[in-house]
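The structure under discussion appears below in the form of structure tokens.
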Amino acid sequence: MYNFFFYAVPEHFPFLLQGALVTVELSLISMLLGTLLGFFLAVGRLSARRALRWPLDAFVEVVRDTPLIVQLLLIYFSLPEAGIVLSAFWAGIAGLTLNLAAYLSEVFRAAIVAVDKGQREAAISLGMSPVAVYCRVIIPQAALASLPTLGGYFIALLKDCSLVSFISVNELLRHATIVISDTFDSMDTYIMVAIIYFMMSFISARIIRYVEVWLTPSNRRATLSVPLTMDKEGAR
């Protein structure tokens, strides 16, 4: 215990935090790109055109039915044979994004379908274009309904980023293997790694929960009504 607190933590924790920053960067970029791609996949899979729907369905099935580590290895080691060369970092981003998008497409598809059809018909009857209906009616409701699930996938993504260490990305777990190769102290190192992962996941969960509560319509109405009430009292 003395060794852990007075030698291992001061000596190696800052180096592990450098890897954690790369993990956070990977997660944020992949989450942003995966969310956008997942939404467009969901919209395409809801299309009435089979020529568009079937290839997208096939893509989602293939990605969801194969391990993420295999997808990362294929992107990093096999794509160069086809003339597509990506750095380890961007190969990791590509693999994480495609994998996440396949799962999120199901989340968004369910959320879009759950929006009452009567609202769409009412919006169209008011003269809204299909794009306006999606932007002003469907997306806001689907996004709010999907938020808790998106938060769960982001926390899972933080931990899935450890797999990119297999393609030489210097994230948290790879930094840990470097420390272990130098010190042969696997127990203390992995304890520090677990603490850092816990900290990142815990903070992310609290932030996601706060955003979810803040975006709840009843809370937003209450927030907006406070300045309005104050203005009325001031006018009196």
**Request:** Mind checking side chain to side chain donor-acceptor pair (under 3.5 Å) for T149 and listing every partner two or more places apart, or none if nothing turns up?
**Result:** none

**Message:** Are the side chains of V179 and D182 in contact, using a 4.5 Å heavy-atom criterion?
**Reply:** no

**Asked** Quick one: side-chain hydrogen bond (donor to acceptor under 3.5 Å, both in side chains) pairs with a partner in residues 38-51, sequence neighbours left out?
**Response** R45-D57, R45-S105, R45-E106

Which pairs would a plain distance check flag for residues 152-170, meaning a side-chain donor or acceptor within less than 3.5 Å of a matching protein atom at least two apart in sequence or in another chain?
{"unit_1": "S162", "atom_1": "OG", "unit_2": "K159", "atom_2": "O", "d": "2.7"}
{"unit_1": "S165", "atom_1": "OG", "unit_2": "S162", "atom_2": "O", "d": "2.7"}
{"unit_1": "N170", "atom_1": "OD1", "unit_2": "R174", "atom_2": "NE", "d": "3.1"}

**Request:** Enter the distance from H12:NE2 to H175:NE2 here, rounded to the nearest 0.5 Å.
**Result:** 13.5 Å

**Distance-minimising heavy-atom pair for V60 and A102** = CG1-O, 3.6 Å

**Prompt:** When rounded to the nearest 0.5 angstrom, what is the spacing between OG in S146 and CD1 in I139?
**Reply:** 11.0 Å

**Asked** Within a strict 4.5 Å, meaning less than it, do heavy atoms of the S129 and V133 side chains meet?
**Response** no

**Message:** Check this for me: R64, atom CZ, are more than 12 non-hydrogen atoms of other residues, nucleotides or ligands nearer than 6.0 Å?
**Reply:** yes

**Request:** Verify side chain to side chain contact (heavy atoms under 4.5 Å, CB included) between L150 and F108, making sure each step is shown before the conclusion.
**Result:** CA-CA 10 Å; L150 289 176; F108 288 129; 3.9 Å; yes

Compile the donor-acceptor pairs under 3.5 Å between side chains in residues 19-43 and protein atoms, sequence neighbours left out, one pair per line.
{"unit_1": "T23", "atom_1": "OG1", "unit_2": "G19", "atom_2": "O", "d": "3.2"}
{"unit_1": "T23", "atom_1": "OG1", "unit_2": "L172", "atom_2": "N", "d": "3.3"}
{"unit_1": "S27", "atom_1": "OG", "unit_2": "T23", "atom_2": "O", "d": "2.8"}
{"unit_1": "S30", "atom_1": "OG", "unit_2": "L26", "atom_2": "O", "d": "2.8"}
{"unit_1": "T35", "atom_1": "OG1", "unit_2": "M31", "atom_2": "O", "d": "2.6"}

**Asked** Do the non-hydrogen side-chain atoms of L96 and L100 ever get within less than 4.5 Å of each other?
**Response** no

**Message:** Could you measure the distance from the OG1 atom of T189 to the CG atom of L16? Nearest 0.5 Å is fine.
**Reply:** 6.5 Å

I'd like a table of donor-acceptor pairs (distance under 3.5 Å, sequence neighbours excluded) in which one partner is a side-chain atom from residues 191-208, with atom names and distances.
{"unit_1": "S201", "atom_1": "OG", "unit_2": "Y197", "atom_2": "O", "d": "3.0"}
{"unit_1": "S204", "atom_1": "OG", "unit_2": "M200", "atom_2": "O", "d": "2.7"}

**Minimum side-chain heavy-atom gap I178-F15 below 4.5 Å** = yes

**Hphob cluster co-occupancy, W214 + L147, side-chain heavy atoms under 4.5 angstrom** = yes

Which atom pairs, one a donor and one an acceptor, fall under 3.5 Å between side chains of residues 70-84 and the rest of the protein, sequence neighbours left out?
{"unit_1": "Q71", "atom_1": "OE1", "unit_2": "N99", "atom_2": "ND2", "d": "3.2"}
{"unit_1": "Q71", "atom_1": "NE2", "unit_2": "V63", "atom_2": "O", "d": "2.8"}
{"unit_1": "Q71", "atom_1": "NE2", "unit_2": "T66", "atom_2": "O", "d": "3.0"}
{"unit_1": "Q71", "atom_1": "NE2", "unit_2": "T66", "atom_2": "OG1", "d": "2.8"}

**Asked** Same cluster for V62 and Y103 if Ile/Leu/Val/Met/Phe/Trp/Tyr side chains link at under 4.5 Å?
**Response** no

**Prompt:** Under 4.5 Å between any side-chain heavy atoms of D116 and Q119, yes or no?
**Reply:** yes

